[in-house]
Amino acid sequence: MDGGRQGQFGPFLLSPTSCTLVGMLSQRPQSTSSNSSGHVQAAQSHLHAPPQGEVYLCAFDFDTTAPDQLSFRQNDVLTIIHKEQSGWWAALHGGRLKWVPASYLTPIPARKGLAPPTVPPSSSPSSLASPLSSTGNEADLPVYTEEDEGYQSPDVDPYDPSHRVSSEYTDGPTTPIPQFSPTDPLVGDLSNKFASANLRGSKSSARSSGAPVPPSYAMYSPPSATTPVNYVYPRSSSSSYSMSPPYDPPIPHQLSLVLEEGSDVNSQWSMPSMPRVEEYAHRNSVGSSRGPLSSPSSSTTADSAALQMARLSQANLPWYLRPKYTWEELKVDANGLVIAGTVPALIERLLLDPLKATEEQSYRTIFLTTFKSFTTANNVYDTLISYYEMEPPPNLDPPEFLEWKEKKFRPTQTRILSVISQWVDKHAMHIDDPQLIPKLRTFLGAIQSPTGLAISAKQLLQTLDRVQTEDVALRSIPSSSPSSSFSLRRKAKAPKGEFLKWDSADIANHLTIMETRLYSRIRPHECLSWSRSTKGPAVANLAAFIGTSDRIAAWVKLSVLTCESLGKRADTIDHWIKIAENCKKQNNIFSMCAIVAALSGGDIGKLHLTWAHVLRAATLEQLVHLTDPTGRFAAYKALHASLDGPCVPFISIFLTELVHAHEHHPDFMATPAPPEPDLVTPRPLINVMKLRRLGEIIGQMLKFVNKPYRNLVENPTMTSAIEQQIELAVSKDAGFFWQRSQELQGTEVTHADIWRNLNDAGF
Amino acid sequence: MAGSEAPPNLKLLLIGNSSVGKSSLLMRFTDAQFLPEDESSATIGVDFRVCKMEIGGRRVKLSIWDTAGQERFRTITSSYYRGAQGIIVAYDISNRETFDALPRWFTELDTYVTPSVVKMLVGNKLDKEFSRAVSEDEGRKFAQRNGCLFLEASAKTNVGVREAFQELVEKILDTPELWAPAAPRITSTATAKPQQSMPGSIDLSANAQDNASSGCSC
């Protein structure tokens with residue numbers, strides 16, 4: 001059994017038995033190695049005699065592309081010829097043997113007479129744990145360690161095997177297991193047999209040494225210790241699935257770093273996981289650098305294989321490492337995306353190993369962007385902090401306690417700091433929830449050990465200092481500093497005289513300064529609220545920003561419509577088009593749109609004779625095109641996507657998207673009907689898909705909030721002159737522009753008639 | 001579609017105060033049932049929907065544009081009006097404020113659209129009859145004064161929604177100058193890429209034949 005051979009056959013470490021089986025799978029039974037001849041005999045007899053297999057029902061779909069594995073669908077019936085302790089069993093299919101994951105199978109009750117015994121033979125305990133330290137491969141999957149020795153004896157298992165058998169093999173409803181400790185905080189709130197059955201299954205699996213050995217555990221099995229007849233425990237694994245949730249397979253919630261080193265998933269481990277990865281890598285240094293958990297198939301499916309592995313390993317976590325929530329409280333889709341969950345489950349999920357590393361970051365971001373739609377910042381903070389000092393589950397053996405501490409407690413603490421760090425750094429806790437800052441500082445200051453966490457806490461405090469000072473700097477645009485040597489940083493001339501003499505670039509600059517100031521104040525939670533109400537303090541900054549659009553438009557209208565002569569009106573329109581162009585150059589699309597909308601809107605748009613004298617009408621057309629709603633503002637969206645630098649975006653399309661997402665998705669996911677009427681209905685499940693969508697839109701809207709313009713210099717005189725004009729325009733009542741426009745249109749027509757008459761008269 | 005003349009493309013616009021249920025009307029009309037909850041997010045967030053309708057044996061293609069969420073952008077929405085043949089102005093019968101805002105919306109319509117554009121006033125949220133704040137009669141009289149069609153509807157219970165769109169489209173079809181001469185231009189603006197840009201959106205050709213007579217077939 002050399003390493004190369006292990007790698008060749010995927011995630012499970014090949015014992016002599018599997019060699020034999022591989023021989024069978026390859027239809028070359030003769031080629032098996034000599035040192036396992038006894039096994040060869042056994043296997044060959046399986047092959048050549050009519051299969052004496054047991055019949056199993058597939059509890060879930062299983063998809064694979066590996067040639068030596070078998071894909072199957074739920075409710076398929078498979079004949080199992082051989083049970084490898086790795087958790088991969090050989091099924092006879094179409095005259096060939098293929099590997100299938102045992103944990104996906106459930107025995108068919110009618111055939112229970114054929115089921116293998118459920119009591120582990122005495123020879124088994126040594127098979128999993130003892131050789132661990134010598135193989136060097138176990139470090140990738142720190143689920144079983146030396147400490148496992150402590151609970152290998154079947155006697156330790158609090159569950160009577162006969163009881164287990166009865167509940168597993170009967171068709172009828174089973175009763176909740178009474179001896180399941182209700183005081184256990186991990187299970188105290190479990191109120192139905194599914195939850196207890198799940199945990200019971202996993203607990204017994206954790207405690208019986210040879211028990212459910214999914215492929216990911218296979219690495220712990222010694223290369224030579226297993227024997228072909230040692231295939232007796234899969235029962236408990238099956239039982240944990242046999243009472244699985246009605247809507248999807250029991251997606252496990254914790255990933256125990258089963259991913260191979262260097263896989264793409266591994267490389268994306270986000271910060272909190274890193275210490276663990278390194279730690280295990282270090283422990284693994286004696287072994288081959290390539291873990292036995294390499295993808296079972298080609299690299300193209302490495303990702304899905306890794307997901308599969310993660311799922312299997314999480315499903316088999318010992319009870320004391322499992323999350324508090326039950327399967328009913330958190331729904332996860334086939335790709336590891338969180339779909340819905342209760343508030344406590346969603347918070348706890350932040351602290352667990354994800355199925356996919358990429359999912360962890362996206363989930364965290366979505367959570368931190370949108371949690372205010374279903375809970376408060378104080379609640380999230382307090383809940384997170386409460387996990388930091390969580391109590392170990394009661395009745396743990398010392399080795400169990402150590403494992404809990406290493407695989408549950410410390411990682412959770414690391415993640416708490418990491419989540420809060422992101423909250424502070426990227427989600428502006430100090431702006432949205434300043435009341436948390438003193439608490440947080442006290443909390444962080446008290447973290448002295450272990451060293452890793454103390455360092456993280458110190459870094460977090462530094463981050464806190466940085467964002468609080470940075471914020472002041474970021475949100476202020478330099479006010480005419482003479483020291484600037486930038487060519488762009490020229491000081492605006494003070495506006496003199498009439499509007500037409502104001503420099504168009506200066507006006508555009510100052511509009512940008514004013515708008516970007518308002519834009520940078522918009523908070524994500526305001527966007528969340530917008531779809532429910534567009535009024536009130538909950539959306540104050542967003543409303544203020546949007547409001548400037550109409551204010552600028554009013555100024556545009558006022559400046560054009562108060563010009564008495566047609567020529568001056570046309571010049572003013574040209575001037576505004578120039579300003580709009582300058583705004584566009586600075587990526588101040590928001591002001592540009594306001595100007596364009598005012599110019600192309602009814603009040604100014606209908607002055608056809610004035611427009612005949614406008615020189616830049618073609619330029620305006622291009623700008624209008626950018627704000628065209630056709631194809632969901634396709635033109636603007638393309639521009640928006642391409643921009644990266646400072647920008648004041650045109651956000652109206654996103655506002656509609658927010659409303660649509662809000663109306664389209666219910667706030668809560670329908671909860672499945674309880675399998676039995678007397679079960680307690682789970683608390684409402686927050687629809688995370690909705691949050692995901694809202695989070696995406698808000699991310700788009702606020703894409704430029706933290707990208708300030710650095711090359712603009714404000715001239716306060718200019719700003720106040722602009723504000724004065726705007727105030728004047730806004731003070732006009734709603735009918736003013738319309739009335740004024742009617743008057744001008746009338747005059748234009750009259751003048752046109754005079755012109756025509758003069759023309760006709762030969763002048 | 002073979003054998004019959006190409007359907008005219010009509011652009012309809014939904015306006016009215018925020019939270020009167022514009023998007024619900026639109027979604028009710030175009031979707032009948034809402035997308036499944038876990039539908040991929042890519043399909044959601046369309047600002048207008050395309051829908052096919054058969055009226056009196058004539059097929060029409062509707063692009064319906066929603067301004068929900070943008071109500072505070074008084075000037076920006078002007079870009080929506082261009083090329084519209086029909087406008088639905090919605091208010092909430094249980095919210096007086098939304099009815100009192102109607103003159104403002106009609107002033108805007110005067111500014112932006114030609115008088116021949118067909119307008120329809122829809123009093124939404126008929127399901128909130130118990131807290132009605134605007135009587136049906138009031139609504140009808142306002143509509144008459146402003147020369148527009150009128151209906152009360154409930155997007156929630158699906159009352160009157162299809163009828164509203166149907167009546168509006170019938171009136172548009174009775175006003176050929178709205179669509180006949182402008183057809184090529186409308187084609188370019190209103191239906192530029194309604195399908196390709198919206199994965200998962202309604203497949204018009206697939207559903208059109210089945211229940212074409214019952215209003216919107218999407």
Side-chain angles (χ1 to χ4, degrees), chain A residues 331 333 339-340 530-535 542-543 546-547 549-550 552-554 556-557 593-594 596-598 600-603 605-606 624 627-634 650 652-666 669-670 687 689-690 692-693 696-697 734-735 738 741, chain B residues 11 13 17-19 21-28 31 34-49 63 65-83 103-104 107-113 155 188-194 196-198:
Chain A
K331 275 182 82 178
D333 80 356
I339 291 174
W530 188 260
S531 50
R532 288 162 214 268
S533 169
T534 58
K535 287 186 193 124
L542 181 56
I546 289 170
S549 174
D550 278 356
I552 292 173
V556 174
K557 289 185 206 169
C593 285
V596 165
S600 60
D603 293 334
K606 68 179 169 190
V624 166
T627 65
D628 192 335
T630 303
R632 305 167 59 192
F633 287 91
F650 171 58
S652 69
I653 175 61
F654 302 116
L655 296 174
T656 302
E657 287 185 356
L658 281 175
V659 172
H660 281 188
H662 176 64
E663 303 238 327
H664 218 120
H665 297 277
M669 196 69 102
N687 184 354
M689 290 311 285
K690 174 175 191 161
R692 222 172 267 283
R693 177 62 191 147
E696 274 169 28
I697 300 167
W738 170 244
S741 161
Chain B
K11 175 177 165 182
L13 184 65
N17 272 22
S18 64
S19 71
K22 293 186 290 294
S23 341
S24 323
L25 284 170
L26 171 61
M27 286 179 190
R28 173 60 75 184
D31 258 342
F34 287 42
L35 287 171
E37 294 150 357
D38 51 354
E39 185 81 24
S40 152
S41 58
T43 62
I44 294 141
V46 291
D47 61 338
F48 71 95
R49 305 242 169 165
S63 336
W65 301 49
D66 186 9
T67 59
Q70 300 181 45
E71 296 84 359
R72 303 278 291 252
F73 275 111
R74 299 296 309 285
T75 36
I76 294 292
T77 46
S78 67
S79 55
Y80 280 97
Y81 292 96
R82 227 168 287 127
R104 201 196 73 182
T107 313
E108 204 158 297
L109 284 182
D110 286 341
T111 320
Y112 291 116
V113 301
S188 67
T189 57
T191 63
K193 33 188 162 169
Q196 294 79 354
S197 62
M198 288 186 293

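Quick note on labels: first sequence line is chain A, next is B, and so on, each numbered from 1.
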Ignoring hydrogens, what is the shortest heavy-atom contact between Phe73(B) and Leu655(A)? Give both atom names and the distance.
CE1-CD1, 3.5 Å

How far does [atom1] of [X] sit from [atom2] of [Y], to the nearest 0.5 angstrom?
| X | Y | atom1 | atom2 | result |
| --- | --- | --- | --- | --- |
| Tyr112(B) | Asp603(A) | OH | CG | 6.5 Å |
| Arg72(B) | Leu542(A) | CZ | CG | 8.5 Å |
| Gln70(B) | Trp530(A) | CD | CH2 | 10.0 Å |
| Ser23(B) | His662(A) | OG | NE2 | 9.5 Å |

With a 4.5 angstrom heavy-atom cut-off, which part of [X] approaches chain B: side chain, backbone, both or neither?
| X | value |
| --- | --- |
| Val596(A) | neither |
| Ala340(A) | neither |
| Leu658(A) | neither |
| Ser531(A) | neither |
| Lys557(A) | side chain |

Do Asp66(B) and Glu663(A) have side chains that get closer than 4.5 Å, going by heavy atoms?
no

Short question: side chain of Thr656(A), backbone of Gly69(B) - any donor-acceptor pair under 3.5 Å?
no

